[in-house]
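Here is the structure we will look at, set down as structure tokens.
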Amino acid sequence: MTETDPRQNQPPAQQSLEWHAGDMPYSLEFGDHFYCRTEGRLECGHVFLAGNRLPARWNAGGAFTIGELGFGTGLNFCETWRQWKQAQVSNGRLHFVSFERFPMRADEIDRALSHWPEIAAERQALVGTWSNRPAGRIDIDFNTVRLTVVCGTALDGVSQCRESFDAWYLDGFAPSRNPDMWSSRLMQAVFDRTVRGGTFATYAAAGFVRRNLAAAGFAVERLPGFAGKREMLRGDKA
């Protein structure tokens, strides 16, 4: 079932896209690709799932909530959902909450994710239930997985959300191109909405991002990045 919050009727602004190599979306507003050009799906596994110690943390069962800054094509959601199904979590319930200023249309998501046959089932389910005019707070149930996409600025969305989060995927465009997505205010809001023992992971390793996360209260560590990138960041809320 798909639900859209009726309190927000104005559709968000659409960003301008170019398509490189057929199915690689490129944002003209931010001058950046949506994910690693070599292998975005494997990057998700290396950075976000492994960086948050998933799927091992799911083994305890119960409810688990992931927050994401930047839904984009839905790649991280689909790959996480695929791994959740593979993990066969007993008595588990996953809630994936993403904050997206410029939600893509269903046909754009379908075009981008068609690159990966490994997530074909998840792509088809997502596209088949995605609104043609995504806006407001969108909630979609997929049995043991629930997807929520909050359309609008990340700071407003995170500050006003009612969920608490076990893990975060910090996946905005590059800090040099989209600094608002990595601001001290937003990192503090992320920390405040994180449960004790919660975690974050991000491909970003810029100095000001690391300092903002540490100042918010996270214990931050550097790890080797994906596909030859020197560093990525992960951290814990003690």
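Bear in mind that the values here come from a model prediction, so they are computed numbers and not experimental data.
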Give the C-alpha distance, both sets of side-chain angles, the deciding distance and a yes or no for side-chain contact (heavy atoms from CB on, under 4.5 Å) between Leu49 and Cys44.
CA-CA 7 Å; Leu49 283 116; Cys44 171; 3.7 Å; yes
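- Nearest heavy-atom pair across Leu113 and Thr73 is CD1-O, 3.4 Å.
- At least one side-chain heavy atom of Arg123 sits less than 4.5 Å from a side-chain heavy atom of Ser114.
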Could you go through Arg222 and Arg210, starting from their C-alpha distance and side-chain angles, then the distance that decides it, and tell me whether this counts as side-chain contact (heavy atoms from CB on, under 4.5 Å)?
CA-CA 9 Å; Arg222 300 183 181 96; Arg210 185 176 68 252; 2.8 Å; yes
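- The backbone N or O of Met104 sits less than 3.5 Å from a side-chain atom of Trp130, completing a donor-acceptor pair.
- Of all non-hydrogen atoms in Ala189 and Leu155, the two that sit nearest each other are CB-CD1, 4.4 Å.
- One finds the CZ atom of Phe191 at 14.5 Å from the OG atom of Ser184 (value rounded to the nearest 0.5 Å).
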Could you check Asn76 against Asp171 for side-chain contact (heavy atoms from CB on, under 4.5 Å), going step by step and ending with a plain yes or no?
CA-CA 9 Å; Asn76 293 335; Asp171 193 28; 2.8 Å; yes
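- For the pair Glu79/Ile119, a side-chain contact is recorded, criterion being any heavy-atom separation below 4.5 Å from C-beta on.
- The shortest side-chain heavy-atom distance between Arg105 and Val127 does not fall under the 4.5 Å cut-off.
- Looking at residues two or more places apart in sequence or on another chain, you find a ring pair (Phe, Tyr, Trp, His ring centres under 6.0 Å) between Phe96 and Phe77, Tyr169.
- In this structure, the separation between CZ on Arg185 and CE on Met187 is 12.0 Å, given to the nearest 0.5 Å.
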Before giving the answer on salt bridge (charged side-chain N to carboxylate O under 4.0 Å, His left out), spell out for Glu163 and Arg137 the whole-Å C-alpha distance, their side-chain angles and the decisive distance to 0.1 Å.
CA-CA 13 Å; Glu163 289 80 15; Arg137 179 185 168 105; 2.6 Å; yes
Go through it in stages, so that I can follow the logic: the residues are Ile138 and Leu147, the test is side-chain contact (heavy atoms from CB on, under 4.5 Å), and I'd like the CA-CA distance, side-chain angles, deciding distance and then a yes or no.
CA-CA 8 Å; Ile138 301 166; Leu147 170 66; over 6 Å; no
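- For the atom pair OG of Ser164 and CZ of Arg196, the computed distance is 14.0 Å after rounding to the nearest 0.5 Å.
- Looking at residues two or more places apart in sequence or on another chain, you find a salt bridge (charged side-chain N to carboxylate O under 4.0 Å, His left out) between Lys85 and Glu122.
- Residues forming a ring pair (Phe, Tyr, Trp, His ring centres under 6.0 Å) with His95 (at least two apart in sequence, or on another chain): none.
- Taking CG of Asp141 as the start and CG of Asp139 as the end, the distance is 7.5 Å to the nearest 0.5 Å.
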Which is it for Thr144 and Trp84 under the side chain to side chain donor-acceptor pair (under 3.5 Å) test, yes or no, and what are the steps along the way?
CA-CA 9 Å; Thr144 63; Trp84 171 267; 3.1 Å; yes
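- Contact of the Leu186 side chain with the Leu69 side chain is registered, since non-hydrogen atoms from C-beta on lie closer than 4.5 Å.
- How far CZ of Arg193 is from CZ of Arg162: 11.0 Å, rounded to the nearest 0.5 Å.
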Using a 3.5 Å cut-off and no angle test, enumerate the donor-acceptor pairs between side-chain atoms of residues 52-61 and protein atoms at least two apart in sequence or in another chain.
residue	atom	partner	partner atom	Å
Asn52	OD1	Thr199	OG1	2.5
Asn52	OD1	Phe200	N	3.4
Asn52	ND2	Phe48	O	2.9
Asn52	ND2	Trp168	O	3.1
Arg53	NH1	Asp236	OD1	3.0
Arg57	NH1	Asn52	O	3.0
Arg57	NH1	Thr199	OG1	2.7
Arg57	NH2	Asp166	O	2.9
Asn59	ND2	Ala56	O	3.3

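- Remark: the backbone N or O of Gly72 is paired with a side-chain donor or acceptor of Glu100 at under 3.5 angstrom.
- The minimum heavy-atom distance between Trp81 and Ala125, with the atom names listed, is CH2-CB, 3.7 Å.
- A heavy-atom distance below 4.5 Å is not found between the side chains of Asp110 and Leu126.
- Counting heavy atoms of neighbouring residues, nucleotides and ligands inside a 6.0 Å radius, atom CZ of Arg93 exceeds 12 of them.
- Counting only heavy atoms from C-beta outward, the side chains of Cys151 and Phe71 never approach each other to under 4.5 Å.
- Looking at residues two or more places apart in sequence or on another chain, you find a side chain to side chain contact (heavy atoms under 4.5 Å, CB included) between Ala206 and Pro175, Phe208, Val209.
- With a 6.0 Å cutoff to the six-membered ring centre and a 45° limit on the axis angle, Lys237 does not count as a cation-pi contact of Phe218.
- Asp156 is linked by a side chain to side chain contact (heavy atoms under 4.5 Å, CB included) to Thr153, Gln160, counting only residues two or more places apart in sequence or in another chain.
- Side-chain contact between Leu170 and Leu213: present, with at least one pair of heavy atoms (C-beta onward) separated by less than 4.5 Å.
- The ring of Phe226 has its center no closer than 6.0 angstrom to the ring center of Tyr203.
- Between Gln188 and Val190, the closest side-chain pair of non-hydrogen atoms is not below 4.5 Å.
- Atom CZ of residue Arg41 and atom SG of residue Cys78 lie 11.5 Å apart, to the nearest 0.5 angstrom.
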